[in-house]
Amino acid sequence: MSAAVLAAAPPRPAHRDPQVLRWLGAYTASTVGDSVYYLALSWAVVSSGSPAQAGLVMAVSAVPRALLLLFGGVIADRLGPRRVVLASDTARCLMTLGLAAVLLATSPGLWLLAAAALVFGAVDAVFLPAVGALPPRIAARDQLARVQGLRGLAYRMGSVLGAPLGGLAVATGGPASAFGAAGALFALSLPLLCALRLRPLPTEEKPPTGEKGEKADGPVLRDLADGLRHLRGHRVLGPLMITILLADLGFVGPLNVGLALLADQRGWGAPGIGWLLAGFGAGAGAASLLLAVRGRLPRAGTTLGWTMVLGAAAVAALAFAPRLPVAVAVAVAVGLLAGVSGALCHALVQTECDPAYLGRVSAVSSLGSLGLAPLGMPLTGAAAGLWGTGPVFVAGAAVCALSGAFALTVPSLRRAELPR
């Protein structure tokens, strides 16, 4: 078969591409490891201190993640995303195995667990942008939407499997056993990442950094400023970042804090919050499966805006659901609509962005949900205590609706399409 025929052959669908499957396996192992780690950390802190101290230690990770996330994007673009993901998972593997060894030998103080949480958050700040920048280096451009669907399924699988696996490890051997299981999962990702073969990237504005000898010099702040200028001047990415930030600020607090408060106020108890989270996860998983199977959705920008508006209405409806089955059905709708809009946001970022800037742009897109919004959760709880859970849901829904309306009123974003 001639080289011309091979070049003209269509790329494999993402779900049949060995490179994508290796990346997906590594990402799934890392995601499950994350869930097991956080459960082990919370259990170790509760065993050594009070619930208030547990909450403080768990929040410590969010601080370096929020402060360093943008610089993590610069590092991903300079050194290459695979190299950064490998280093991050290696660091998390060694750290969790070290914690397991310490817990087997002695009972560490809260300061050691807080220090571990701080380091873990700093590693997350470089890991997250690199994960966002890796798919274009392993899949064809017209497969990136499908890759985002597969990534969403892997993330949901990590959430579903991580908690029971961590609970089983804690029940079997205490927090040390759970930290050991997390370390083993991080270790499992390493050979899969090493086996990846990266695709050559097109050069649109300047050569991609960090791949096989390209330049990676100059001040870090200058690279960060270059990335922000690229965003500001881009007709799709600039408005898209505003849309994502507004949606995250309106969505993360009410859903993470408000659901627990709602279940408590309605007398649904712990099983109620479990059913609500399961409903949300089922809806989000269905959205990821839809995009993984279809590969793209038509009129991506318009679909993005309307799913955000409808999702905002569903978030507000949660506050008025009279019975648990109704609330679970609404949670499924919230998960489905949020899953579609979230996957479309990630897919548009990856298809619209110049590959040279993808780490920095991924960092900005993650800043709201993973950096700023978690720091606002105490404010959400305080607002719910002052005015009740219903106004918190309605206020969050209003911000989500604003993000969808903004997307629909910006012509360049409204007309954005995913490649065929």
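Note that the numbering runs from 1 along the sequence shown for the chain.
To the nearest 0.5 Å, the span separating CG on Leu240 from CZ on Phe406 amounts to 9.5 Å. To the nearest 0.5 angstrom, Leu297 atom CG is 5.5 Å from Leu291 atom CG. Here the CG-OG distance, from Asp248 to Ser366, works out to 8.5 Å after rounding to the nearest 0.5 Å. The CG atom of Leu134 sits 7.5 Å away from atom CG of Leu193, with the distance rounded to the nearest 0.5 Å.
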Show me, pair by pair, the donor-acceptor contacts under 3.5 angstrom made by side chains of residues 318-331, not counting sequence neighbours?
none

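Between Tyr357 and His230, the ring-plane angle classifies as parallel under the 30° and 60° cut-offs.
Judged purely by atom type and a 3.5 angstrom limit, Arg360 has no side-chain atom pairing as donor or acceptor with the backbone of Leu228. Formation of a donor-acceptor pair under 3.5 Å by the Arg141 side chain with backbone atoms of Thr351 is found in this model. The backbone N or O of Leu144 sits nowhere less than 3.5 Å from a side-chain atom of His346 that would complete a donor-acceptor pair. Put simply, the side chain of Thr303 gets close to the backbone of Pro298: a donor and an acceptor are under 3.5 Å apart. Although no hydrogens or angles enter the test, the distance criterion places no donor-acceptor pair under 3.5 Å between the side chain of Arg156 and the main chain of Gly152. Distance alone, capped at 3.5 Å, places no donor-acceptor pair between the Gln148 side chain and the Leu344 backbone. Of the possible polar contacts, one joining the Glu417 side chain to the Arg299 backbone as a donor-acceptor pair under 3.5 Å is found. Between the side chain of Arg146 and the main chain of Ala292, a donor-acceptor pair closer than 3.5 Å is present. Counting only distance, with no hydrogens or angles, the side chain of Gln19 and the backbone of Arg197 share a donor-acceptor pair below 3.5 Å. Side chain of Ser403 to main chain of Cys400: a donor-acceptor pair is present (N/O by atom type, distance under 3.5 Å, no hydrogens or angles).
Looking at heavy atoms from C-beta onward, Val126 lies out of side-chain contact with Leu68 at the 4.5 angstrom threshold. Using a 4.5 Å heavy-atom threshold, the side chains of Arg65 and Leu128 count as touching. Contact check for Thr28 versus Leu153: no side-chain heavy atoms found under the 4.5 Å cut-off. Between Cys194 and Leu86, the closest side-chain pair of non-hydrogen atoms falls below 4.5 Å. Inter-residue side-chain proximity for Val361 and Met241 is flagged as met; some heavy-atom pair is nearer than 4.5 Å. Side-chain contact check for His234 versus Glu352: some heavy-atom pair is nearer than 4.5 Å. With contacts defined as side-chain heavy-atom distances shorter than 4.5 Å, the pair Met157/Val32 does not qualify. Within the 4.5 Å cutoff, the side chain of Pro239 has heavy atoms near those of the Ser412 side chain.
Under the rule for a salt bridge (Lys or Arg N to Asp or Glu O under 4.0 Å), the partners of Arg229 that lie at least two apart in sequence or sit in another chain are Asp226. With sequence neighbours left out, Tyr27 forms a ring-ring contact (aromatic ring centres under 6.0 Å, His included) with Trp23. Residues satisfying the side chain to side chain contact (heavy atoms under 4.5 Å, CB included) test with Leu192, not counting sequence neighbours, are Ala26. Legend: residues meeting side chain to side chain contact (heavy atoms under 4.5 Å, CB included) with Ala130, ordered by chain and number and at least two apart, are Ala76, Pro81, Val84, Val85. Here Asp34 pairs with Arg92 under the side chain to side chain donor-acceptor pair (under 3.5 Å) rule; sequence neighbours left out. Applying the ring-ring contact (aromatic ring centres under 6.0 Å, His included) criterion to Tyr155, with sequence neighbours excluded, gives no partner residue. Partners of Phe280 according to the ring-ring contact (aromatic ring centres under 6.0 Å, His included) rule, which considers only residues two or more places apart in sequence or in another chain, are Phe251. For the side chain to side chain contact (heavy atoms under 4.5 Å, CB included) test, residues two or more places apart in sequence or in another chain that qualify with Ser341 are Leu304, Thr307, Met308. Remark: Leu277 engages Leu259, Ile273 in a side chain to side chain contact (heavy atoms under 4.5 Å, CB included) (not counting sequence neighbours).
For Phe186 and Tyr37, the ring centers sit 6.0 Å or farther from each other.
Residue pairs meeting the salt bridge (charged side-chain N to carboxylate O under 4.0 Å, His left out) criterion with at least one partner in residues 233-247, sequence neighbours excluded, are absent.
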